[in-house]
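Contents: one structure, followed by commentary.
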Amino acid sequence: MKVKTILVSQPEPKVENSPYFEIQHKLKVKVDFRPFIHVEGVSAKDVRAQKIDLNNFTAIILTSKNSIDHFFRVAEEMRYKVPETLKYFCQSEAIAFYLQKYVVYRKRKIYVGLKDFADLSPLIKKYKDEKFLLPSSDQLNDDVPTVLNNLKVAWTPGTFYRTVMSDLTDLKDVYYDVLAFFSPTGIKSLFKNFPDFKQNDTRIAVFGSTTQKEALEHGLRIDIMAPAPGTPSMTMALEKYITEANKGK
């Protein structure tokens with residue numbers, strides 16, 4: 001069956017040269033964007049209830065842009081003056097770059113991993129005597145505590161924001177040929193909003209093994225999977241599938 005419409009369960013990209021827009025123009029398909037989940041900040045009061053005192057930490061581990069935004073938001077709510085001696089361990093270059101929104105880069109002690117959380121291990125190990133805070137969402141990836149516990153460092157997880165399912169009820173009578181998902185919570189949000197969802201001819205695209213697992217547990221048929229050999233990104237996987245499906249159009 002040919003593909004004419006795609007719903008991507010993420011916010012619309014802010015950059016003009018997004019691969020999604022290229023797919024739209026190149027393959028003549030309609031691509032819509034709608035976040036199935038969103039992030040809500042946890043109040044400073046609720047962070048304190050987790051027995052977290054920001055004064056007790058000498059280093060912060062940052063795994064996403066959200067973790068940066070919500071760490072500094074909570075710090076402001078707590079009237080905590082972030083000391084210049086604080087060390088920042090950023091999971092990737094992009095996260096370290098985003099940190100400049102809040103700190104003067106040259107004045108701070110910033111350590112950057114390559115991409116995966118495990119890549120931070122040698123850097124954290126080098127500073128194993130620091131007291132680390134990990135501000136994160138209520139859904140922490142399993143590999144993070146495993147890596148930190150194996151390093152035997154003093155670290156404290158803190159829930160600074162939550163991943164919440166969005167209200168999608170206005171999409172009740174809207175049909176798309178392809179639905180693209182990027183997290184298990186996105187799949188859960190689909191079924192929370194539409195408990196009677198029937199896949200029928202809708203193609204399901206998933207990114208990552210945890211999303212795949214959640215989709216299968218909900219009885220969905222997975223038609224497009226990324227990353228996969230030759231298609232490391234969702235856009236590449238979509239392009240490959242649509243090109244095949246729309247042959248002889």
Side-chain angles (χ1 to χ4, degrees), residues 1-39 63-66 91-98 101 113-116 119 141 163 165-191 193-194 197-216 218-249:
M1 284 187 66
K2 291 177 178 175
V3 173
K4 293 179 181 175
T5 56
I6 303 165
L7 180 62
V8 177
S9 62
Q10 285 187 330
E12 185 169 339
K14 290 190 171 78
V15 290
E16 288 177 16
N17 61 347
S18 165
Y20 287 108
F21 301 141
E22 286 177 32
I23 286 176
Q24 195 160 253
H25 297 305
K26 185 177 169 185
L27 302 177
K28 305 287 186 283
V29 294
K30 183 174 187 277
V31 182
D32 287 341
F33 299 89
R34 178 69 181 270
F36 276 39
I37 57 177
H38 62 278
V39 163
T63 56
S64 68
K65 292 176 183 178
N66 278 326
Q91 185 168 323
S92 69
E93 197 73 55
I95 293 165
F97 184 76
Y98 187 76
K101 183 178 169 184
L114 295 171
K115 182 176 164 240
D116 297 321
D119 299 334
N141 287 347
T163 305
M165 296 178 209
S166 303
D167 181 359
L168 308 169
T169 46
D170 58 301
L171 295 178
K172 186 175 185 293
D173 299 314
V174 184
Y175 173 83
Y176 287 92
D177 296 321
V178 177
L179 299 178
F181 294 95
F182 301 82
S183 72
T185 319
I187 302 282
K188 286 174 183 165
S189 180
L190 172 70
F191 284 94
N193 281 279
F194 310 109
F197 176 79
K198 298 280 187 292
Q199 183 171 358
N200 299 326
D201 296 325
T202 304
R203 268 58 59 87
I204 298 292
V206 300
F207 188 89
S209 56
T210 55
T211 313
Q212 177 189 32
K213 182 171 178 279
E214 191 70 37
L216 293 172
H218 277 87
L220 294 175
R221 179 190 71 251
I222 296 170
D223 303 283
I224 305 160
M225 176 73 201
T231 53
S233 68
M234 175 62 87
T235 48
M236 289 171 83
L238 286 169
E239 185 173 345
K240 183 183 176 188
Y241 180 88
I242 295 163
T243 303
E244 283 294 315
N246 291 5
K247 265 184 182 171
K249 205 169 181 179

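Residue indices begin at 1 and follow the sequence shown.
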Has Q199 got more than 12 heavy atoms of other residues, nucleotides or ligands less than 6.0 Å from its CD? yes

I222 and M225 have their tightest heavy-atom pair at CG2-CB, 4.4 Å

Can any side-chain N or O of S189 pair as donor or acceptor with the backbone N or O of T185 at less than 3.5 Å? no

Partners of F97 by ring-ring contact (aromatic ring centres under 6.0 Å, His included), sequence neighbours excluded? none

Give, for atom NZ of K65 and atom NZ of K101, the distance between the pair rounded to the nearest 0.5 Å. 9.5 Å

Is there a side-chain contact between L171 and N193 (heavy atoms, below 4.5 Å)? no

With a 4.5 Å cut-off on side-chain heavy atoms, are D170 and R34 touching? yes

Please report the shortest heavy-atom distance between A245 and M1, naming the atom on each side. CB-O, 3.6 Å

Do I6 and Y20 make a side-chain contact, defined as non-hydrogen atoms from C-beta onward lying under 4.5 Å apart? no

Let me have the donor-acceptor pairs involving side chains of residues 228-236, under 3.5 Å, with sequence neighbours excluded, atom names and distances please.
| residue | atom | partner | partner atom | Å |
| --- | --- | --- | --- | --- |
| S233 | OG | T235 | OG1 | 3.2 |
| S233 | OG | M236 | N | 3.2 |

Could you label the plane-to-plane angle of the F36 and F181 rings as parallel, tilted or perpendicular, counting under 30° as parallel and over 60° as perpendicular? perpendicular

Taking all non-hydrogen atoms of both residues into account, name the closest pair between L216 and L220 and its distance. CD2-O, 3.8 Å

Do you know which of D223, T5, I224 makes side-chain contact (heavy atoms from CB on, under 4.5 Å) with V178? I224

Under 3.5 Å side-chain donor-acceptor pair for D167 and T169: yes

Check: E12 side chain, F33 main-chain N or O, donor-acceptor pair, under 3.5 Å: no

Does some side-chain heavy atom of V8 sit less than 4.5 Å from a side-chain heavy atom of F182? yes

